[in-house]
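Accompanying notes for the structure given below.
What you are looking at is a predicted structure, and each value in this text was computed from that prediction instead of being measured. Chain letters run A, B, ... following the sequence lines, proteins first and then strands; every chain starts at 1.
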Number of protein chains: 2
Amino acid sequence: MYDKFFIQQLKQNGYKITPQRRAIIEALAEAPLAPKASEIWEKIRQKYPDISPDTVYRNLTLLVDLGMVQQIYLRSKETSRFEVNIPHHHHLICLKCGCYYCLEGCLVNEQNLKAAKQRGFTVIGHALELYGYCLSCKEVREEGLKREGKGKNES
Amino acid sequence: MYDKFFIQQLKQNGYKITPQRRAIIEALAEAPLAPKASEIWEKIRQKYPDISPDTVYRNLTLLVDLGMVQQIYLRSKETSRFEVNIPHHHHLICLKCGCYYCLEGCLVNEQNLKAAKQRGFTVIGHALELYGYCLSCKEVREEGLKREGKGKNES
DNA sequence: CTCCTAAATAAGTTTATTCTTATTTAAGAT
DNA sequence: ATCTTAAATAAGAATAAACTTATTTAGGAG
């Protein structure tokens, strides 16, 4: 589903397409619910018994950093979960058990607060985080891509 | 500063006031920037050399769960940071280096996006999470407080 | 003040995640 | 197809955070 788009995005950003990456993207696309990293790892191990957890974490982080996947920080003992970022939405999270619901849209609005209330959910707070790259990290990153694009110029 | 309010809130919710808790609250109130758990631990160890990191984590989590402290998930390799929840605000976070800026207000609005742009920050995504207690966790929690029953505030 | 008990703690263990390093590999160039 | 090299990987070490359990303690009752 998203597979092709994800692969294309990786290529466009200068990343290599490895069997492990394909498997991770496939696992994400097939997963019914936002899975944990460990669940993705377990699934892929059926096909690639030698894949290391580090590879799964590393690539999930990459997909998050490229904006294709959203990492849901459950704000509880529960480990985070990963979800394809389409369609864009946010979450209602229980601090105690880590269960969560999907919300619609981007705002702390009446509709979402009502949705929370209807589920018997007591909201004690919310967090809005814009994430991306600060000026210097962005420059370092573009430096890297540029160097790649223009061949090897060593200092 | 917030010390008194925090202690009062803990009492009102039926929690005991231990020297460790006082020290953690003090350390938070005195910290100039949102500190890491490890930094809080180090600071308190000067006074209480035997305090365990678990106690720090446990109590920070408690303060977050009670809505007095906000845990900033830096969405990067960087560990999270803890900040007194007053005044209420949100954050702009770099995925690469973990640096962050404080934002004003609660919304993904023009003002905040402009503030990001002015800093040379490239926003690749945002997350909005409402957190609190789901129905069953809330019931379990109230059950606990009720059972206690001897507290000041019976309702 | 002393006693009592649930809550809180310290210490040690476990799990999740990240880092380090040596090896392998994707993909562009020849 | 073969060569080259930076990027990606696996494995194991290191770190952060949470859990388990035995012990201590805050704070209410007598």
Side-chain angles (χ1 to χ4, degrees), chain A residues 7 10-24 35-42 44-45 48-65 71 73-82 95-98 143-154, chain B residues 7 10-24 35-42 44-45 48-65 71 73-82 95-96 98 143-152 154:
Chain A
I7 298 286
L10 284 174
K11 277 187 186 170
Q12 264 182 25
N13 282 279
Y15 294 97
K16 295 181 178 174
I17 308 306
T18 64
Q20 291 93 334
R21 280 191 175 148
R22 282 185 194 280
I24 289 165
K36 305 178 189 180
S38 62
E39 291 167 349
I40 295 172
W41 183 50
E42 281 302 336
I44 296 174
R45 287 217 299 171
Y48 300 86
D50 286 341
I51 195 169
S52 77
D54 184 52
T55 296
V56 175
Y57 283 114
R58 189 163 19 81
N59 282 297
L60 286 173
T61 301
L62 175 64
L63 293 172
V64 170
D65 289 6
Q71 180 168 4
Y73 292 85
L74 292 183
R75 292 175 192 273
S76 72
K77 297 83 222 162
E78 271 277 300
T79 182
S80 32
R81 291 174 173 274
F82 295 86
L95 286 166
K96 198 143 201 168
C97 69
E143 196 68 22
L145 290 176
K146 206 189 300 172
R147 204 178 36 194
E148 179 153 340
K150 287 189 179 171
K152 29 257 145 178
N153 242 350
E154 205 62 47
Chain B
I7 299 286
L10 283 174
K11 277 186 185 167
Q12 265 183 24
N13 282 279
Y15 294 97
K16 294 180 176 174
I17 309 306
T18 64
Q20 292 93 333
R21 278 191 178 149
R22 283 186 193 279
I24 289 165
K36 305 178 192 182
S38 63
E39 291 168 348
I40 295 172
W41 184 51
E42 280 303 335
I44 297 174
R45 288 217 297 172
Y48 301 87
D50 286 343
I51 194 169
S52 78
D54 185 51
T55 296
V56 176
Y57 284 116
R58 189 163 18 80
N59 282 296
L60 285 174
T61 302
L62 175 63
L63 294 172
V64 171
D65 289 5
Q71 181 166 5
Y73 291 86
L74 291 183
R75 293 176 192 273
S76 72
K77 297 84 220 163
E78 272 277 300
T79 180
S80 33
R81 290 174 173 275
F82 296 85
L95 287 166
K96 197 141 201 170
E143 196 67 22
L145 290 177
K146 206 187 300 170
R147 201 178 35 189
E148 185 149 335
K150 354 163 182 176
K152 321 198 156 190
E154 293 219 34

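- With sequence neighbours excluded, no residue satisfies salt bridge (charged side-chain N to carboxylate O under 4.0 Å, His left out) with A/R22.
- Between A/I51 and B/P53, the one whose closest nucleotide on DNA chain D sits nearer the 5' end is A/I51.
- B/R21 places its CZ atom 15 Å from the C1' atom of C/dA10, with the value rounded to the nearest Å.
- At the heavy-atom level, A/R58 lies under 4.0 Å from base atoms of the strands shown.
- Atom pair B/Q71:CD and D/dA17:C1' shows a separation of 10 Å (rounding to whole Å applied).
- Nucleic acid contact class of B/P49 (heavy atoms, under 4.0 Å, all strands): none.
- A straight line from NZ of B/K16 to P of C/dT9 spans 10 Å, rounded to a whole angstrom.
- For the pair A/F82 CZ and C/dA16 C1', the computed distance is 11 Å after rounding to whole Å.
- Using a 4.0 Å heavy-atom distance criterion, B/D54 is classed as a base contact.
- Distances from the side chain of B/A37 to the nucleotides D/dA17, D/dT9, C/dA10 place D/dA17 closest.
- Look at B/T18 and you won't find any side-chain N or O under 4.0 angstrom from OP1 or OP2 of C/dA7.
- Note: OH (A/Y48) to P (C/dT24) measures 19 Å, nearest angstrom.
- A/W41 places a side-chain N or O within donor-acceptor distance of the main-chain N or O of A/I51, the cut-off being under 3.5 Å.
- The side chain of B/S52 contributes no N or O atom lying less than 4.0 Å from OP1 or OP2 of C/dA11.
- Taking atom CG on B/L62 and atom P on C/dA7, their separation rounds to 13 Å, with Å as the unit.
- In the set C/dA8, C/dT9, D/dA7, the nucleotide with an atom closest to the side chain of B/T55 is C/dT9.
- In terms of the salt bridge (charged side-chain N to carboxylate O under 4.0 Å, His left out) criterion, B/R21 has no residue partners (sequence neighbours excluded).
- In this entry the distance linking OH of B/Y73 with P of D/dA16 reads 16 Å, nearest Å.
- Applying the 4.0 Å criterion to OP1 and OP2 of D/dA10, one finds that A/Q20 has a side-chain N or O inside that range.
- Regarding contacts with the backbone of C/dT18, every side-chain N or O of A/Y57 stays at 4.0 angstrom or more from both OP1 and OP2.
- Distance OH (B/Y15) to P (C/dT9): 12 Å, rounded to an integer number of Å.
- The OH atom of B/Y57 sits 12.0 Å away from atom CD1 of B/I24, with the distance rounded to the nearest 0.5 Å.
- Donor-acceptor pairing under 3.5 Å is recorded for the side chains of B/T55 and B/R58.
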